[in-house]
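Inspection log for the structure reproduced underneath, given as C-alpha cells.
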2 protein chains.
Amino acid sequence: MISHNSCRKCEIREQALCSALKGHDANKLHQISYRQQLTKGKVILQGHKEPKWLAVIVSGVVKLVCTKCDGRQQIVGLQFPGDFVGRPFGNLGSLRVEAVTDVSLCCFSRQPFEEILRAYPDLEHSLLHRIYDELEVARQWIFTLGCLPARAKVATFLQLFVERVHKSTGIKNAKFSVDRQYDLPLSRTEIAEFLGMTIETVSREIGYLKSESVIETIGLRGLRVQDFDRLKALAECEET
Amino acid sequence: MISHNSCRKCEIREQALCSALKGHDANKLHQISYRQQLTKGKVILQGHKEPKWLAVIVSGVVKLVCTKCDGRQQIVGLQFPGDFVGRPFGNLGSLRVEAVTDVSLCCFSRQPFEEILRAYPDLEHSLLHRIYDELEVARQWIFTLGCLPARAKVATFLQLFVERVHKSTGIKNAKFSVDRQYDLPLSRTEIAEFLGMTIETVSREIGYLKSESVIETIGLRGLRVQDFDRLKALAECEET
DNA sequence: CGCTACATTGAGTTACCTCAAAAATTGTGG
DNA sequence: CCACAATTTTTGAGGTAACTCAATGTAGCG
C-alpha cells in the first residue's frame, strides 16, 4: 500500500533525518517521498542489491539479519521509528532488512535522494551523526554478546529495548504504552537470534526474571517492568 | 614524539580519508596535521572526553576496548593503517582506543578539522562511506560472536586479519610480509578478548589448526597460513 | 644464562545446548 | 461464545563445548 506523504503532520518529523532540512529546503525531501505500509515478516531490503529506495521508519520495528548457509540466523541490529534504513551510495552488504511488526515507512527514491544528500551538506552531516550512533550501538552489542552470560544478555536486551522505546515516546501515534508496560515486538525466537542463544535459554532466563518479580509478562508479547533498577543491575552482572 | 608531516611522501595517502581532498584543497588538511608516534599499550583516546585531536593511522594497529567494572575487557574493533580514529562532532562513548603495536598517527587538531569537514562536503561524504564500512564490519563481528563456535571464531579472526593485511599491502613501509607470512599484532589474551572467549580456548583452537597444518606459528607472533581455503572453510563451519 | 611474561596442556566443572514433552496463548470455525 | 487446532512458549532431563584452576613449557629480554 502506497500513499502520499504530508510532512506537516508527520509523527516522527522531529526525530528523523528529514528535520535536518529547515524552512524552504524542507520541501525537497517531501517531493520525492511516499509512504509505504508493509506487513510483519516482509523483507524490506535485500543486501547486495542496489535498492530502489531508502526510508525512514514511521512506525513499527525492523530487524537487520545475517543468514548463515545452514539456516541459522543472527539479528545484528534493530531499528525503531525515526531511524533511517538503507545505505545511500552503496548497498547493505550481506544484510537483509525485515519487518518485525507491521511497519510504515517514509520512502525516498534512491537516486534523487542521493542527489539531495550531496546538494545539502547539512543533511549528510546529520546522517553521519546517525551512523556514528548506530556504530556505537553495534559495538555495545559486540560487548554484550562477547562478555555477558545468558542472564545478563536477556536483562540487557530488555533494558535497552525499554530505554529505546522511551526515546520514541515523544512520537505521536506510538504503539508503546506508558507506565512501564510495553509491547515486545520480538518473539522468543527472535530474541534468541539477537542474543546468540537458544530459545529455551531465553525462556528460562525470562522465567527467572518473572520469578524474581523483576518483570511480569502479559500474554505472549506484553511486558511490564516491575523493578527497573534490579533489571539494570542484572544487566551489569551485579547479581546472580 | 611529534614531527611535521609531509603529505607528498605519505605512506597511506591513497587509502586514507585525506585523499578525498584533491589538488589545491589538499593543503587544507596538511596545514593542521602533525605526526605522532605512540608506543604499544598507550591509550590514544579515552571515550566521553572531548578529544583534542582526531587521526589517521599511518602504521601499526589500534584496538577499541570496552572495559567492564569487574576488569574483564572486550575488544569491539580493530583499526589498521589508513583507518580513521575518533568521532568528529562528538566523543567515543564508553570506548577506549589503545595502541596494540607501536603506532604512527597523522593527527588533526579537533576544531579546525571539524571546520574543514563542514567546509568540504566531499571530505565529509568520504567519511560517511568509511563509517558505513566500519558499521558493516562491526555487524559482521556481531554475527561471528553470536553464531559461531570457538573453532570458527578463531578461524574467522585469522582469515579476516589476513585479508585486512592484504588490503594494506599497497601501503609502502607496511610491516606485513608477503608469501602468507604475517606478524600477528595481537597477543593470545587480546585475541581472546576480541572473540569473547578464554585464552586457553584460543590456544587450543590454534593448536588444532597447527595440528591440521592449516597454519603454522613462528615464535609467539609469527603466523604462516598454509591452507587458506581450509581456513575459510573452518570459518564457515563447513568442517569440524 | 637466568628471569619474566606469555603460551600451552591437562583435569574437572559448569553454563548453556539439544532433544523431547507439556503447557499456554492465539486464532478460527461452528 | 466456546471448542479445537495451530503456534509459541515453557519445562525437564541429559549431554557437551567452553570455562576454571593449576601445572608445565617456551619465547624473548636484560
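Atoms considered below: every heavy atom in the structure, side chains included; atoms not considered: hydrogens, waters and symmetry mates. Residue numbers begin at 1 in each chain, while the letters A, B, ... track the order of the sequences. Note that the structure is a prediction, hence the values are computed from the model and not measured.
- Separating the CG atom of Leu223(B) from the C1' atom of dA7(C) is a distance of 15 Å, rounded to the nearest angstrom.
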Contact letters for nucleotides 23-30 of chain D, in which S counts primed atoms plus P, OP1 and OP2 and B counts the base, heavy atoms under 4.0 Å | ----SS--
Dump the pairs, protein N or O against N or O of nucleotides 1-6 of chain D, anything under 3.5 Å, distances to one decimal.
none

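- Note on ring orientation: taking the six-membered ring where Trp is involved, the planes of Phe157(B) and Phe194(B) are perpendicular (angle over 60°, cut-offs 30° and 60°).
- Counting to the nearest Å, the P atom of dA24(C) and the CZ atom of Arg188(A) are 15 Å from each other.
- The OH-P distance, from Tyr208(B) to dT9(C), rounds to 15 Å in whole Å.
- By the 30° and 60° cut-offs, the orientation of the rings of Tyr182(B) relative to Phe161(B) is perpendicular.
- More than 12 non-hydrogen atoms from other residues, nucleotides or ligands lie less than 6.0 angstrom from NZ of Lys68(A).
- In terms of heavy-atom proximity, Ala99(B) sits nearest to Val62(B) at CA-CG2, 4.3 Å.
- Residue Ile44(B) holds its CD1 atom at 6.5 Å from CD1 of Ile57(B), rounded to the nearest 0.5 Å.
- The distance between atom CG of Asp183(A) and atom C1' of dT26(C), rounded to the nearest whole Å, is 14 Å.
- Distances shorter than 4.0 Å separate none of the side-chain N or O atoms of Lys153(B) from OP1 or OP2 on dA18(D).
- Contact check on Lys232(B) versus Glu163(B) returns no salt bridge, with no Lys/Arg side-chain nitrogen under 4.0 Å from an Asp/Glu carboxylate oxygen.
- A salt bridge does not link Lys153(B) with Glu205(B): every distance from a Lys NZ or Arg NE/NH1/NH2 to an Asp or Glu carboxylate oxygen is 4.0 Å or more.
- When the C1' atom of dT9(C) is taken as reference, atom NZ of Lys210(B) falls 12 Å away, rounded to whole Å.
- No side-chain heavy atom of Thr101(B) sits under 4.5 Å from any side-chain heavy atom of Lys40(B).
- Rounded to whole Å, atom C1' of dT8(D) lies 14 Å from atom CG of Leu186(A).
- We find that CD1 of Ile199(B) is positioned 14 Å from C1' of dC21(D), with the value rounded to whole Å.
- In this structure, Ala138(B) and Ala138(A) approach most closely via the heavy-atom pair CB-CB, 4.2 Å.
- Put simply, the side chain of Trp53(A) reaches to within 4.5 Å of the side chain of Gln36(A), judged on heavy atoms.
- Side chain of Arg221(B) to main chain of Pro185(B): a donor-acceptor pair is present (N/O by atom type, distance under 3.5 Å, no hydrogens or angles).
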Starting at the 5' end of nucleotides 11-21 of chain C, put B wherever the base has a protein heavy atom under 4.0 Å, S where only the sugar-phosphate does, and a dash everywhere else.
-> B----SSBB--
